[in-house]
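For reference, the structure is listed below as structure tokens.
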Amino acid sequence: MSRDTYYDILFKPIQIGPVTAKNRFFQVPHCTGLGYRDPTANAWLRGVKAQGGWGTVCTEQVEIHHTSDITPFIELRIWDDRDVPMLAQMAEKIHEHDALAGIELAYNGLNGPNLYGREVPLAPTGMPVQSFTYDPVSAKTMDRQDIRNLRKWHRDAAIRGKNAGYDLVYVYAGHGLGFFHHFLSKRYNRRSDEYGGNLENRIRILKEIIIDTKEAVGDECAVPCRITINELMGKAGLETQEAMDIVSSLAELPDLWDFCLAGWENDSQTSRFSQEGFQDEYRKGFKALTTKPVVGVGRYTSPDKMVSLIKSGEIDLIGCARPSIADPFLPRKIEEGRVEDIRECIGCNICVSGDFTMSPIRCTQNPSMGEEWRKGWHPEYINKNVSSKPVLIVGAGPAGLEAAQMLGKRGYDVTLAEKELNLGGRVSRESKLPGLAAWGRVVDYRLSQFNKLPNVETYLDSDLTLDHLLEFGIPLIGICTGSTWYKNGLGFNLKEPLDIDPGASVYSPDDIMAENLPNGSHVLIWDDDHYYMGNVLAELLIQRGYEVSYTTPAPEVATWTQNTMEQHRIQKQIMELGVTIHSNLILTSIAEGTAKLNCSYTGKEQNFEMDSILLVTSRYPNDSLFRGIMEKEGEWQDHGLEMVKSFGDCEAPATIAHAVYAGRRFAEELEVKPSKEEIVPFKREIAELRYVSD
Ligand code: ADP
Ligand code: SF4
């Protein structure tokens with residue numbers, strides 16, 4: 001099939017300075033958690049995006065000089081010529097598929113505590129570094145020589161970027177992370193020389209750097225400028241008018257404008273707090289300030305929306321980070337007339353959590369993300385079946401859906417049995433909770449694929465027992481029957497079940513999701529899970545008219561969501577809803593109408609009156625079916641069973657992303673024998689020990 005002509009505009013080439021992008025799909029720079037530690041995995045990841053049809057594919061931040069590193073975060077580096085091969089490999093992988101390669105040069109300055117290089121950080125004005133980790137380090141105020149040095153470093157890095165084969169060499173003033181943003185902002189720039197004070201002065205360094213970069217590489221490479229158009233902090237930060245003045249005064253200087261919000265948590269908002277296109281309103285009026293092409297983001301996954309953005313003249317290139325992570329083949333699917341196959345980003349920011357935990361990127365929707373080289377997984381293709389043996393998958397949650405889909409693609413005849421009347425398991429339940437509707441796409445995408453796979457049969461209302469498994473005699477069985485929330489307090493803090501009075505009204509998230517709502521009007525939540533469930537249920541209970549008190553052993557609500565950049569928004573939201581928050585408390589006992597909690601520091605006991613308590617702590621695997629069949633291993637042969645494996649929450653409860661990954665892994669590895677020499681089941685970049693004297 002070929003594309004609908006309505007989408008032709010998305011495939012119209014566009015000139016960017018001296019280079020031409022073959023289409024309007026632009027993978028803006030985004031982190032991967034791979035960086036300099038896993039450069040080959042990183043190169044393969046970018047190469048697969050190019051293979052999927054993105055006309056331009058960019059790197060993450062590439063630190064230009066050893067005087068600014070953002071350790072412990074793992075980005076790329078172009079400190080000297082020895083970094084060039086690592087970056088060249090990535091450009092080559094991108095070029096293999098006729099895409100442009102972009103490199104985002106970054107000097108973090110005030111955002112880098114320099115924990116690796118131990119150099120004193122540089123900033124327009126000396127002040128404590130603005131890191132994510134409150135490092136007790138200050139930056140020094142740059143003098144004129146420092147500024148001259150910086151210009152040279154940036155110029156050298158630009159030349160190295162060109163030599164590494166890049167077609168676009170970025171000047172990065174976005175997100176409040178790009179150093180040039182700090183000069184633009186009155187908050188960070190309190191200088192009184194020609195680089196501070198009025199706007200003209202604050203723009204000076206950015207202008208000089210764009211000119212320097214163009215002089216250095218502009219005959220061969222385009223020079224885009226990624227710039228903050230709003231910091232969403234009112235007068236304290238950059239606002240629309242000031243940003244417009246900046247863009248106007250530099251209007252024709254860069255070859256491309258890449259508009260973003262600052263900080264990163266505003267630019268990459270989750271679907272709980274914003275919809276597709278949430279940046280459109282902030283970008284209004286900016287494009288008219290320049291004749292140069294403009295790229296903008298907004299978690300765009302709808303091809304129709306993309307067309308309307310270009311037709312209405314809002315932007316020229318569709319900028320995507322997360323939609324390209326969830327579906328590296330999004331452009332090709334539009335081109336091939338398969339828009340229904342697009343695996344839409346759900347806006348959960350699990351991808352961001354990879355960067356925040358310094359681990360390789362992962363994605364809820366696309367389990368192959370980050371594994372393209374490490375495991376040889378591909379977002380679209382999978383090895384053919386080894387045999388024609390049928391497979392039974394028990395449980396159609398995210399793990400089961402992914403396994404069935406990918407085994408179907410391998411060519412196996414798959415029976416997917418689900419005890420409920422609908423597919424999706426926890427995703428179906430959780431996507432009905434406040435703010436989580438977009439998560440339903442995890443199910444929607446996989447169901448859309450089943451329609452194309454006649455060899456996958458789904459059976460609803462099928463609560464399988466041990467006898468069924470034996471009777472069916474299907475040789476290959478995957479069991480992914482999910483998990484259940486504890487109702488006895490076991491979790492991160494409590495390793496012994498709580499002392500609970502039988503008269504107490506105690507609920508778990510499963511109860512609430514099953515509409516078994518709490519007794520009385522006042523609910524006390526104890527959240528020892530620290531992700532979304534406790535706070536989403538607080539919101540739901542408020543909507544249902546309850547008075548809600550929220551307690552947690554952590555110092556803040558949903559502390560793990562620091563990794564998805566949602567913590568601040570979540571805490572604000574439930575405070576504004578009227579939930580009272582009590583931190584640093586360990587639950588010790590529950591009686592009728594009251595619970596005792598101890599201060600986690602002093603042990604001082606507090607009584608909380610309530611009508612009901614909702615325990616959001618942890619889950620146990622629903623593994624009785626799996627354990628049962630394993631106990632009957634001696635009878636398998638008589639019934640034709642050969643292999644049974646559990647995976648997903650039924651093996652060990654974790655995030656939805658973990659379950660999808662586990663389903664993919666089951667499908668990838670079924671009947672595939674590991675090679676004899678394999679000890680570690682994924683490729684690693686092993687450092688070659690070499691003493692290099694400078
Ligand atoms: P995961 O995240 O690991 O996929 P879920 O809890 O989302 O786990 O999904 C597990 C699914 O398995 C649920 O939809 C549940 O109804 C189903 N299930 C559990 N036990 C059985 C069983 N014995 N037979 C068929 N389906 C089952
Ligand atoms: Fe989208 Fe979530 Fe995947 Fe990130 S992890 S790309 S937010 S689906």
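The structure displayed is predicted, hence computed values, not measured ones. In listed order, ligands and their atoms are each counted from 1.
- Remark: ligand 1 atoms within the under-4.0 Å shell around heavy atoms of Gly425 are 7 (O), 9 (O), 13 (C), 14 (O).
- Among all protein heavy atoms, the one lying closest to atom 9 (O) of ligand 1 is Gly397 CA, 3.3 Å.
- Remark: ligand 1 and Gly648 share no N or O pair separated by less than 3.5 Å (distance only, no angle test).
- Of the charged side-chain nitrogens involved, at least one lies within less than 4.0 Å of a carboxylate oxygen, so that Glu671 and Lys389 count as a salt-bridged pair.
- One finds no salt bridge joining Glu668 and Arg665 here, because no Lys/Arg side-chain nitrogen approaches an Asp/Glu carboxylate oxygen to under 4.0 Å.
- If you look at Ser462 next to ligand 1, the close heavy atoms, those under 4.0 Å, all belong to the backbone.
- Residue nearest to atom 3 (O) of ligand 1, selected from Val442, Leu460, Thr655, Asp649: Asp649 (by heavy-atom distance).
- Among residue pairs with one or both ends in residues 360-372, those qualifying as salt bridge (Lys or Arg N to Asp or Glu O under 4.0 Å) are Glu371-Arg374; sequence neighbours excluded.
- Per-residue contacts place Gly482 under 4.0 angstrom from the following atoms of ligand 1 (heavy atoms of the residue considered): 5 (P), 6 (O), 8 (O), 10 (C).
- Under 4.0 Å is where a charged nitrogen must lie from a carboxylate oxygen, and between Asp280 and Arg283 at least one such pair does.
- Atom CD of Gln275 has 12 or fewer heavy atoms from other residues, nucleotides or ligands within 6.0 Å.
- Contact between Val394 and ligand 1 is present, with at least one heavy atom of the residue lying under 4.0 Å from the ligand.
- Ionic pairing of Lys419 and Asp463 is not present here: no N-O contact between side-chain nitrogen and carboxylate oxygen is shorter than 4.0 angstrom.
- Near Ala396, meaning under 4.0 Å from one of its heavy atoms, ligand 1 places the atoms 11 (C), 12 (O).
- Asp510 and Lys487 are not joined by a salt bridge, as no carboxylate oxygen comes within less than 4.0 angstrom of a charged side-chain nitrogen.
- Scanning all protein heavy atoms for the shortest distance to atom 12 (O) of ligand 1 gives Gly395 CA, 3.1 Å.
- Contact check on Arg299 versus Glu276 returns no salt bridge, with no Lys/Arg side-chain nitrogen under 4.0 Å from an Asp/Glu carboxylate oxygen.
- Residue-ligand proximity, Ala417 to ligand 1, at heavy-atom distances under 4.0 Å covers atoms 25 (C), 26 (N).
- The N/O atoms of Phe647, backbone and side chain alike, include none that comes under 3.5 Å of an N/O atom in ligand 1.
- With ligand atoms numbered from 1 in the order given, ligand 1 contributes 16 (O) to contacts under 4.0 Å with heavy atoms of Glu420.
- Remark: minimum distance from atom 4 (O) of ligand 1 to any protein heavy atom is reached at Ala399 N, 2.9 Å.
- With ligand atoms numbered from 1 in the order given, ligand 1 contributes 22 (C), 23 (N), 24 (N) to contacts under 4.0 Å with heavy atoms of Asp463.
- For Tyr507 and Trp485, the ring centers sit 6.0 Å or farther from each other.
- Note on Lys452 versus Glu340: salt bridge recorded, some NZ/NE/NH1/NH2 to OD/OE distance being below 4.0 Å.
- Here the shortest heavy-atom pairing between Glu60 and Leu76 reads OE1-CD1, 3.3 Å.
- The residues Arg627 and Glu631 are annotated as not salt-bridged, no charged nitrogen and carboxylate oxygen being separated by less than 4.0 angstrom.
- Between Gln279 and Asp267, the side chains place a donor N or O and an acceptor N or O closer than 3.5 Å (distance only, hydrogens not considered).
- Ligand 1 places these atoms under 4.0 Å from at least one heavy atom of Cys480: 10 (C), 11 (C), 12 (O).
- Residue-and-atom listing of protein N/O/S atoms under 2.8 Å from atom 2 (Fe) of ligand 2, sorted by chain and number: Cys348 SG.
- Contact check on Glu380 versus Lys333 returns a salt bridge, with a Lys/Arg side-chain nitrogen under 4.0 Å from an Asp/Glu carboxylate oxygen.
- With hydrogens and angles ignored, the 3.5 Å screen pairs no side-chain donor or acceptor of Asn455 with any backbone N or O of Asp413.
- Among protein heavy atoms, atom 23 (N) of ligand 1 sits closest to Leu464 O, 3.0 Å.
- Distances from atom 18 (N) of ligand 1 to the heavy atoms of Thr484, Leu401, Thr481 put Thr481 nearest.
- In this structure, the protein non-hydrogen atom closest to atom 7 (O) of ligand 1 is Arg426 N, 2.8 Å.
- In this pair, His378 and Tyr381 present their aromatic rings parallel. The plane angle is below 30°, not in the 30 to 60° band.
- For atom 15 (C) of ligand 1, the nearest protein heavy atom (residue, atom name, distance) is Glu418 OE2, 3.5 Å.
- The shortest contact between atom 26 (N) of ligand 1 and any protein heavy atom is with Lys419 N, 3.1 Å.
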